[in-house]
Amino acid sequence: MLHIGNHLSCARGYEAMAKHAILLKADTFGFFTRNPRGSRVKALDMEDIEKFLHVIREQGFAPLVSHAPYTLNPCGAKEQVREFARQAMAEDLRRLEYLPGNYYNFHPGSHVGQGIETGIEKIAEVLNEVLFEGQKTRVLLETMAGKGSEVGSTFEELREILDRVALRQHMGVCLDTCHVWDAGYDIVNHLDEVLDTFDRVIGLSNLYAVHLNDSQNPMGSHKDRHAPIGEGRIGFEALSRVTNHPALRHLPFILETPHDSDEGWAGEIARLREAFQE
Ligand code: FE
Ligand code: FE
Ligand code: ZN
């Protein structure tokens with residue numbers, strides 16, 4: 001069974017997201033823990049969370065892949081920027097304890113001219129401050145496209161971050177197909193080799209989720225512009241090989257594709273399910 005869903009808005013609460021996912025024939029989904037650009041969070045509605053937990057248990061959902069806001073930069077040059085990252089992550093992780101067993105994905109950050117090594121150290125520093133013993137959420141580093149001064153566009157950089165985290169047992173990686181392609185990993189013609197490299201550098205056992213996106217740009221472009229599945233430079237065939245790959249097929253796949261309406265995501269989910277070899 002393919003575990004797949006798309007990114008949903010949290011605006012109407014958790015139970016509404018789960019029900020929305022079911023309508024799209026999804027059995028997982030992604031969501032922002034707060035407004036992707038802003039910093040404010042609503043108080044948790046415990047009644048809504050109870051109903052939500054009931055729905056996802058009853059429907060046998062795969063782990064959900066929540067997403068930290070884009071504005072969060074644990075390796076910013078300014079202390080104020082890193083302090084926001086620390087506070088937002090700590091608060092998100094506290095809130096996610098009410099939805100145990102799910103994932104919290106974040107963009108490692110942009111070193112803004114300080115250099116990759118400094119970036120890596122600062123990211124690990126923030127993680128070491130916010131992770132806590134016994135937490136029930138796994139924190140995932142997302143593979144990045146390498147636009148601007150982004151850290152995490154090579155598997156080696158992600159490995160270096162992981163190596164510096166004390167509570168590494170609560171960490172993992174989320175592979176974004178658009179990002180790795182834009183970063184220069186040829187998942188169209190050499191998927192096996194890319195996954196072998198991932199395994200050698202990070203270990204496939206540390207891979208917990210996939211962001212499934214097509215890309216508007218050619219391999220190695222470092223652009224990070226997502227395209228609907230089958231409408232970009234990666235293409236449907238290659239993305240279906242990703243969902244069917246023996247090393248990946250058990251993971252939750254989250255679509256972050258641009259569409260104006262639900263039909264777009266429902267269509268992608270249906271098509272990818274159809275192409276999945278049980
Ligand atoms: Fe992301
Ligand atoms: Fe992504
Ligand atoms: Zn992206």
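Positions are given from 1, in the same order as the sequence printed here. It should be emphasised that the depicted structure is a prediction, and the values quoted were computed from it without experimental measurement. Below, each value reflects all heavy atoms present in this structure, side chains not excepted, and no hydrogens, waters or symmetry copies. Atoms within a ligand are numbered from 1 in the order they appear, just like the ligands themselves.
A salt bridge does not link Glu125 with Arg82: every distance from a Lys NZ or Arg NE/NH1/NH2 to an Asp or Glu carboxylate oxygen is 4.0 Å or more. Between Arg168 and Asp163 there is a salt bridge, since at least one side-chain N of the basic residue sits less than 4.0 Å from a carboxylate O of the acidic one. Using a 4.0 Å cut-off between charged side-chain N and carboxylate O, Lys147 and Glu150 make a salt bridge. With respect to Arg86 and Glu83, a salt bridge is recorded, a charged nitrogen being found less than 4.0 Å from a carboxylate O.
Residue Asp224: an N/O/S atom is found under 2.8 Å from the Zn ion (ligand 3). Metal site remark for the Zn ion (ligand 3): Cys178 contributes no N, O or S atom at a distance under 2.8 Å. The Fe ion (ligand 2) has His211 among its coordinating residues (N/O/S atom, backbone or side chain, under 2.8 Å). Here His226 reaches the Zn ion (ligand 3): one of its N/O/S atoms is less than 2.8 Å from the metal.
With ring centers used as reference points, Tyr70 lies under 6.0 Å from His107.
Closest approach between the Fe ion (ligand 2) and any N/O/S atom of Asp176 involves OD2. Atom OE1 is the N, O or S atom of Glu256 at the shortest distance from the Fe ion (ligand 2). Within Glu142, the N/O/S atom positioned nearest the Fe ion (ligand 2) carries the name OE2.
Considering the Fe ion (ligand 1) as centre, the angle to NE2 of His107 and to NE2 of His67 is 100° (10° rounding).
Taking the six-membered ring where tryptophan is involved, the planes of Tyr14 and Phe52 are tilted, since the angle between them lies from 30° to 60°.
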